[in-house]
Amino acid sequence: MKERILFSKCPLCDWASLIDSVTADCSKHPIYHSSLSPVIKWKQCVSCSHIFTEGYYTDEVCQLIYGKTNESQQVGFDIEGQRIISSRMIEKVLPYVSAGHWLDVGFGNGSLLFTAQEYGFTPIGLDLRMDTVNKMRSIGIESYCEDISKLSLNFKCAVISMADVLEHIPYPQNALQAAYNLLSDNGILFISMPNMENLLWKVLDQNNVNPYWGEIEHYHNFSRSRLYALLRKFGFEPVRYGISERYRVCMEVIARKI
């Protein structure tokens, strides 16, 4: 079975000159399947320095590994504890927008949408797991099982959140272009993901305990600098940087549509 569709160019800048970066073991990952290679090979773009996997999984492999949902991604997981974390995320957005439709891409356990609704936003969910979407619909939250690049709404969103999502997408620029089109003027994009541009990341590397090289669900490792450049390319201006509480070594960035 063919596992990956290989990148022939950098998925961010289309530069064709790539070099080998890191090789890691993914066999201990919770959703690893024994029929797959236990090795993840990472590449680096010579032009923009972005680091990404050698390729992305085929649809067949995605169905195999994503048939299992981590407990933390199930709707309603730790609803009380997650509400507190989500509230701190939302309060970072409030200085820029305080009402309107909030679209959460890859909503997972749903906490961000539940809490956004509590703050007065109208929640809209997007996720690629149909059972997850059905659960959200069953509690009255409008949700879609679709790729954001194919989503069509008859209104504009005040906020779009991609909390630990962009690094899962083979070609992130497609998602950013779609987000730009779905946002209202001066709308807010909330993004979180691992940040490899900090001392902690280097310490984890030095001790050979960095979890993100063996993360089977990720295709990219972003630096803050590379993310900011990509956001500006697609019409967003970063207005706030912060540290994420959701996962280790992660950043939260708020950007405004310009």
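Two residues are said to be in side-chain contact when any heavy atoms from C-beta on lie closer than 4.5 Å; L12 and H50 meet this criterion. For the pair C48/C10, a side-chain contact is recorded, criterion being any heavy-atom separation below 4.5 Å from C-beta on. A 4.5 Å side-chain heavy-atom check between L204 and R248 finds at least one atom pair inside the cut-off. Residues I31 and E217 are in side-chain contact: their nearest non-hydrogen atoms beyond the backbone lie under 4.5 Å apart. In this structure, the side chains of D104 and V159 stay at 4.5 Å or more apart for every pair of heavy atoms. Here the side chains of I160 and V105 are in contact, with some heavy-atom distance below 4.5 Å. Taking 4.5 Å as the limit, some side-chain heavy atom of R226 sits within range of a side-chain heavy atom of C13. Contact annotation: the side chain of Y228 approaches that of R232 to within less than 4.5 Å [non-hydrogen atoms, C-beta and beyond].
Residues forming a ring pair (Phe, Tyr, Trp, His ring centres under 6.0 Å) with F121 (at least two apart in sequence, or on another chain): W102. F155 pairs by the ring pair (Phe, Tyr, Trp, His ring centres under 6.0 Å) definition with H101, not counting sequence neighbours.
Rounding to the nearest 0.5 Å places CD1 of I124 at 8.5 Å from CG of L113. Here the SG-CD1 distance, from C45 to I19, works out to 9.0 Å after rounding to the nearest 0.5 Å. Residue M89 holds its CE atom at 14.0 Å from CD1 of I84, rounded to the nearest 0.5 Å. To the nearest 0.5 Å, the span separating CG on L189 from CD1 on I254 amounts to 9.5 Å. Between the CG atom in D147 and the CG atom in L126 there is a gap of 7.5 Å [rounded to 0.5 Å]. For the atom pair CG of L227 and CG of N195, the computed distance is 8.5 Å after rounding to the nearest 0.5 Å.
Taking all atoms of both residues into account, the shortest heavy-atom contact from S184 to A158 is OG-CA, 4.0 Å. Nearest approach of W201 to P194, heavy atoms of both residues: CZ3-CB, 4.0 Å. For the pair P172 and L166, the tightest heavy-atom approach, listed with the atom from each and the gap, is CB-CG, 3.7 Å. Residues R240 and G242 come closest through the heavy atom pair NH1-CA, 4.0 Å. Taking each heavy atom of F107 and V75 in turn, the nearest pair found is CE1-CG2, 4.3 Å. Taking all atoms of both residues into account, the shortest heavy-atom contact from F234 to Q177 is CD2-OE1, 3.6 Å.
Remark: the backbone N or O of M196 is not paired with any side-chain donor or acceptor of S223 at under 3.5 angstrom. At distances below 3.5 Å, at least one donor-acceptor pair connects side-chain atoms of Q44 with backbone N or O atoms of S49. With hydrogens and angles ignored, the 3.5 Å screen pairs no side-chain donor or acceptor of Y171 with any backbone N or O of A175. Using modelled atom types, no side-chain atom of S161 and backbone atom of A163 make a donor-acceptor pair closer than 3.5 Å. Side chain of N207 to main chain of V209: no donor-acceptor pair is present (N/O by atom type, distance under 3.5 Å, no hydrogens or angles). Under a 3.5 Å cut-off, the side chain of R256 and the backbone N or O of I188 do not form any donor-acceptor pair. Counting only distance, with no hydrogens or angles, the side chain of S192 and the backbone of D164 share a donor-acceptor pair below 3.5 Å. Between the side chain of T115 and the main chain of S86, no donor-acceptor pair closer than 3.5 Å is present.
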Quiz item: When you look at T122 and Q117, which way does the side-chain hydrogen bond (donor to acceptor under 3.5 Å, both in side chains) test go after all the steps?
Solution: CA-CA 6 Å; T122 302; Q117 185 178 44; over 6 Å; no

Self-check item: side chain to side chain contact (heavy atoms under 4.5 Å, CB included) evaluation trace for I216 with Y57
Solution: CA-CA 10 Å; I216 201 170; Y57 287 123; 3.3 Å; yes

Self-check item: N174/S149 under side-chain hydrogen bond (donor to acceptor under 3.5 Å, both in side chains): CA gap, chis, key distance, verdict
Solution: CA-CA 6 Å; N174 296 339; S149 63; over 6 Å; no

Self-check item: Trace of the ring-ring contact (aromatic ring centres under 6.0 Å, His included) decision for F222 with Y212
Solution: CA-CA 11 Å; F222 279 91; Y212 293 113; over 10 Å; no

Quiz item: Would L6 and E54 count as a side chain to side chain contact (heavy atoms under 4.5 Å, CB included) if you check the C-alpha gap in whole Å, the side-chain angles of each, and the deciding distance to 0.1 Å?
Solution: CA-CA 6 Å; L6 300 182; E54 65 176 348; 3.9 Å; yes

Quiz item: After noting the C-alpha distance and the side-chain angles of Y144 and E142, does the key distance pass the side-chain hydrogen bond (donor to acceptor under 3.5 Å, both in side chains) rule?
Solution: CA-CA 7 Å; Y144 301 91; E142 182 178 349; 2.3 Å; yes

Practice problem: Begin from the C-alpha positions of F7 and Y56 and carry the test ring-ring contact (aromatic ring centres under 6.0 Å, His included) through to its verdict. | Solution: CA-CA 8 Å; F7 291 115; Y56 54 96; 5.4 Å; yes

Quiz item: Which is it for L230 and L176 under the side chain to side chain contact (heavy atoms under 4.5 Å, CB included) test, yes or no, and what are the steps along the way?
Solution: CA-CA 9 Å; L230 188 66; L176 290 177; 3.6 Å; yes

Practice problem: Just do the side chain to side chain contact (heavy atoms under 4.5 Å, CB included) check on T58 and R4 with the steps written out, would you? | Solution: CA-CA 5 Å; T58 64; R4 292 180 185 262; 5.9 Å; no

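The pair K41-D20 fails the salt-bridge criterion, with no side-chain N (NZ, NE, NH1 or NH2) lying under 4.0 Å from an Asp/Glu carboxylate O. Under 4.0 Å is where a charged nitrogen must lie from a carboxylate oxygen, and between R246 and E252 no such pair does.
When the side chains of ILVMFWY residues are joined at heavy-atom separations under 4.5 Å, either directly or via intervening members, V22 and V39 end up in two distinct hydrophobic clusters. Y219 and I51 are members of different hydrophobic clusters when ILVMFWY side chains are connected at heavy-atom separations under 4.5 Å. Linking Ile, Leu, Val, Met, Phe, Trp and Tyr whenever their side-chain heavy atoms come within less than 4.5 Å leaves I243 and L200 in two separate clusters. Put simply, V165 and V253 are part of the same group of oily side chains (I, L, V, M, F, W, Y) that touch within less than 4.5 Å, one to the next. L183 and M162 fall within the same hydrophobic cluster, defined by Ile, Leu, Val, Met, Phe, Trp and Tyr side-chain heavy atoms under 4.5 Å apart, directly or through other members.
A donor-acceptor pair shorter than 3.5 Å can be found between the side chains of E215 and H29. There is no side-chain donor-acceptor pair under 3.5 Å between T132 and D127.
By the 6.0 Å contact criterion, CZ on R83 is open, its count of non-hydrogen atoms from other residues, nucleotides or ligands being 12 or less.
Geometrically, K257 engages Y180 in a cation-pi contact, judged by NZ or CZ lying under 6.0 Å from the ring centre and within 45° of the ring axis. Relative to the six-membered ring of Y241, R224 meets both conditions, a distance below 6.0 Å and an angle of at most 45° to the axis.
Among N221, D25, D205, the one residue that satisfies the side chain to side chain donor-acceptor pair (under 3.5 Å) test with W213 is D205.
Using bins of under 30°, 30° to 60° and over 60° for the plane-to-plane angle, the ring pair F52/H220 lands in the tilted bin.
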